[in-house]
Amino acid sequence: MKAGMTDMPKTTLHLQGREQRPLIAIDDFWSDPDALREDAASLRMTAIGPHYPGVRAEVPPRLAETMRRRIAPLLAKHFGLDPAPAVSEAYYSLVTTAPTDLAPIQRLPHFDGVEQRRIAVLLFLGHGEQGGTAFYRQRSTGFESVDASRLDPFKTALEAGVQAHGMPEASYIAGDTPLYECVAVQPARFNRALVYAGNTLHCAYLPPEVVLNSDPLAGRLTLNLFLFDD
């Protein structure tokens, strides 16, 4: 597979919500995104873990490391992370779960971990309407991110909210709910990468017009890097 990156001609910094947490959107991130699509299509994708509503296959380590090094200067500048965290996981990901089949945990915004040095990188590799990624605020606490000090209050508020309002119906979250307020939606665009802190509350934004397909070349395909070290 041919690997390479553009000179990232359009890099946009967004400061989101009341907490003003940084998110970096990088358009035209990879010089040959079709090669990534073909690589994903050549792999056997399977369900990995209970949280992701679809199937995944591991990204080659050298590819993941090349991408990490590429964004390292941005992490130093906008997140104060120098050196950049290491790659902890890297996947091609394909949403395949029908809304009616979503598990309860998949109907709520989530965070990847409470650590300060945890970064998520999401590269959109699908064509057509792909939705995007949405970011949320827990209404009762006002939390838009969850660190170690906020974990217990967050869980307590979530349990109380579910008791009061019930679990969301089986559908992909798309906008405000009784428990969460949508802070921002970053739209998907082919070959656009989003870089954000992994402890922010977020969820895939999948309105009904996004067509789910089990073929990586036709469905909502992304490449996900999870960066973290102690």
Side-chain angles (χ1 to χ4, degrees), residues 10 12 14 16-17 23-30 33-57 59 89-112 120-137 144 167-196 198 200-226:
K10 187 177 180 181
T12 306
H14 301 272
Q16 301 191 137
L23 177 143
I24 304 167
I26 308 168
D27 287 323
D28 302 319
F29 178 71
W30 198 255
D34 287 326
L36 300 179
R37 288 164 50 81
E38 292 167 6
D39 189 36
S42 73
L43 300 173
R44 182 174 179 268
M45 306 184 82
T46 60
I48 298 177
H51 298 92
Y52 186 75
V55 292
R56 285 176 153 167
V59 168
E89 297 176 273
Y91 301 110
Y92 293 113
S93 305
L94 182 67
V95 178
T96 56
T97 303
T100 54
D101 294 333
L102 290 173
I105 198 171
Q106 296 170 332
R107 307 173 200 169
L108 297 166
H110 66 278
F111 52 94
D112 302 330
V121 183
L122 171 63
L123 175 61
F124 295 106
L125 291 172
H127 290 290
E129 177 57 59
Q130 299 287 293
T133 300
F135 296 82
Y136 291 89
R137 176 186 304 120
E144 297 171 359
M167 279 297 298
E169 295 182 0
S171 64
Y172 286 100
I173 182 173
D176 295 342
T177 75
L179 302 185
Y180 294 95
E181 181 181 358
C182 185
V183 171
V185 176
Q186 296 295 338
R189 177 181 179 273
F190 179 62
N191 205 20
R192 170 178 286 168
L194 303 180
V195 182
Y196 54 91
T200 52
L201 287 165
H202 62 278
C203 194
Y205 177 68
L206 294 169
E209 54 267 28
V210 177
V211 178
L212 304 184
N213 195 306
S214 60
D215 179 359
L217 298 179
R220 191 184 188 273
L221 178 67
T222 60
L223 187 154
N224 302 77
L225 300 184
F226 299 97

Using atom types as modelled and distance alone, determine if a side-chain donor or acceptor of Y52 lies under 3.5 Å from a backbone N or O of L94. yes
L212 and T97 have their tightest heavy-atom pair at CD1-O, 3.2 Å
Handout entry: M167 side chain near L108 side chain, heavy-atom distance below 4.5 Å
Key = yes
task: Determine, stepwise, if the pair E89 / R56 fulfils side chain to side chain contact (heavy atoms under 4.5 Å, CB included).
output: CA-CA 11 Å; E89 297 176 273; R56 285 176 153 167; over 6 Å; no
### Message
Is there a side-chain contact between I105 and H51 in this structure, where contact means two heavy atoms from C-beta onward sitting under 4.5 Å apart?
### Response
yes
Next on the checklist: In the structure I gave you, are the side-chain heavy atoms of L36 and L123 within less than 4.5 Å of one another anywhere?
Outcome noted: yes
Checking the side chain of T222 only, and the main-chain atoms of N224 only, is there a donor and an acceptor separated by less than 3.5 Å? no
Distance col, row D39:CG vs D34:CG, nearest 0.5 angstrom, shows 12.5 Å
**Asked** Do Q186 and R192 touch side chain to side chain, with heavy atoms closer than 4.5 Å?
**Response** no
Closest non-hydrogen contact found for M45 with A57 is CG-CB, 3.9 Å
Any chance CD of E209 has more than 12 other-residue heavy atoms, nucleotides or ligands included, within less than 6.0 Å? yes
Shortest non-hydrogen pair, Y205 vs A174, comes out as CE1-CB, 3.7 Å
Requested in this report: Keeping the roles fixed (side chain from R137, backbone from V183), state whether a donor-acceptor pair exists under 3.5 Å.
Outcome: no
Between G175 and Y136, the two heavy atoms sitting closest are O-CE2, 3.4 Å
Scanning both residues in full, the closest heavy-atom pair of R107 with P168 reads NH1-O, 3.0 Å
Does a side-chain heavy-atom distance below 4.5 Å link H127 with L221? no
Sequence neighbours excluded, the answer for ring-ring contact (aromatic ring centres under 6.0 Å, His included) partners of F111 is F154
Heavy-atom nearest pair, R37 first then L125, reads NH1-O, 2.8 Å
### Message
Test side chain to side chain contact (heavy atoms under 4.5 Å, CB included) on F135 and E144; report intermediate values, then the result.
### Response
CA-CA 8 Å; F135 296 82; E144 297 171 359; over 6 Å; no
d(F190 CZ, D27 CG) to nearest 0.5 Å is 12.0 Å
Taken in chain and number order and not counting sequence neighbours, the residues that satisfy ring-ring contact (aromatic ring centres under 6.0 Å, His included) with Y180 are none
Q130 meets the side chain to side chain contact (heavy atoms under 4.5 Å, CB included) criterion, sequence neighbours left out, with A188, R220
Rounded to the nearest 0.5 angstrom, the OH-CG distance for Y91 and L43 is 13.5 Å
Quiz item: Donor-acceptor pair, D176 side chain versus E181 backbone, under 3.5 Å?
Solution: no
dist L206:CG -> S171:OG (nearest 0.5 Å) comes out at 10.5 Å
